[in-house]
Amino acid sequence: MESVIKLENFYFAYNKSGLVLQDIDLEIKKGSFTVVAGPSGAGKTTLCKALTGIVPFYMGGRYSGDVQVLGESTKGRRVSDIAMRVGLMLEDYESQLVSLTAGEEVAFSLLNHGFAPEEVKERTRKALEDVGLPGRESYQLDELSGGQRQRVALARALVIEPKLLLLDEPLSNLDAKLRLSMRVEIKRLQKRLGITTLFVTHDQEECFSISDKVAVMNGGVIEQFDTPENIYK
């Protein structure tokens, strides 16, 4: 089966910091749903940023080894080009929101890359529908609840029709009931759209209920990488 993510002997440290990622070897296959689990400070978010080229090529830092995404090394590639194939939703999703309305927010990346207005409109409509917000294009973001804004952030990641979806603690700011429903929705979308997904969480129930594979991180190291059943045992 084709590999979508492949890290080989990858080390990374931010400027003026110690190692954040150490000796990372990880291969993720096409169409899989992989959960990256571990405590705060384990390196999970930095791993996501490495897969988009944000580190080291935008934020800077020291690194060795190689990161390949969709068959290409991130080295020498523009972050904006990677972003059109890799959907990213960070834990602090509010910091990614830059527009006034839901429709403008979802369409932002497509407009920046010169897509035709008709295609932008249709993709935006479909992405909002996919996340359970049909017809909300004209809604002001400040009219939406926190959970709805989180769905808008997810729609923004989906609208580019990514080959890889990176979700960094995407449900952390939701109450328990909405968190459960969104977890089910994300898994349903992943299955229906066939998108290779990397989902970061520190929640054990999420970890074991939605994943095909689990990578357990601690102290910048991947300590285990296996099926949820084997790791649970």
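Position 1 is the first residue of the sequence, and the numbers go up from there.
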Backbone N or O of [Y] within a donor-acceptor pair of the [X] side chain at under 3.5 Å?
| X | Y | result |
| --- | --- | --- |
| Ser3 | Lys6 | no |
| Glu105 | Ser99 | yes |
| Glu169 | His202 | yes |
| Arg123 | Val159 | yes |
| Glu72 | Val69 | no |
| Arg136 | Pro134 | yes |
| Gln22 | Gly219 | yes |
| Arg62 | Ser17 | yes |
| Ser32 | Lys29 | yes |
| Asn9 | Asp23 | no |

| said: Give me each pair satisfying side chain to side chain donor-acceptor pair (under 3.5 Å) with a member in residues 33-53, each pair once, sequence neighbours excluded. | reply: Tyr14-Thr46, Thr45-Asp168

| message | Surrounding CZ of Phe225 (heavy atoms of other residues, nucleotides or ligands, distance under 6.0 Å), is the total greater than 12? | response | yes

| request: Answer yes or no: are there more than 12 heavy-atom neighbours, outside Arg78 itself, under 6.0 Å from its atom CZ? | output: no

Side-chain touch [X]/[Y], heavy atoms, less than 4.5 angstrom:
| X | Y | result |
| --- | --- | --- |
| Val152 | Leu141 | yes |
| Ser138 | Thr101 | no |
| Val214 | Gln224 | no |
| Leu167 | Leu198 | no |

Answer yes or no: is there an ion pair linking [X] with [Y], defined by an N-O contact shorter than 4.0 Å?
| X | Y | value |
| --- | --- | --- |
| Arg125 | Glu129 | yes |
| Arg188 | Glu185 | yes |
| Lys121 | Glu137 | no |

| query | With respect to Leu7, which candidate in Asp66, Leu47, Asp25, Thr74 satisfies the side chain to side chain contact (heavy atoms under 4.5 Å, CB included) definition? | reply | Leu47

| message | Leu128 and side chain to side chain contact (heavy atoms under 4.5 Å, CB included): which single residue from Leu158, Leu154, Leu133 fits? | response | Leu133

| note | Taken in chain and number order and not counting sequence neighbours, the residues that satisfy side-chain contact (heavy atoms from CB on, under 4.5 Å) with Phe33 are Val35, Ile186, Lys187, Gln190, Thr197, Phe199, Ile210, Asp212

| Tyr232 and Phe208: aromatic ring centres closer than 6.0 Å? | yes

| Do Thr227 and Asn230 meet the criterion of a side-chain donor-acceptor pair at a distance under 3.5 Å? | yes

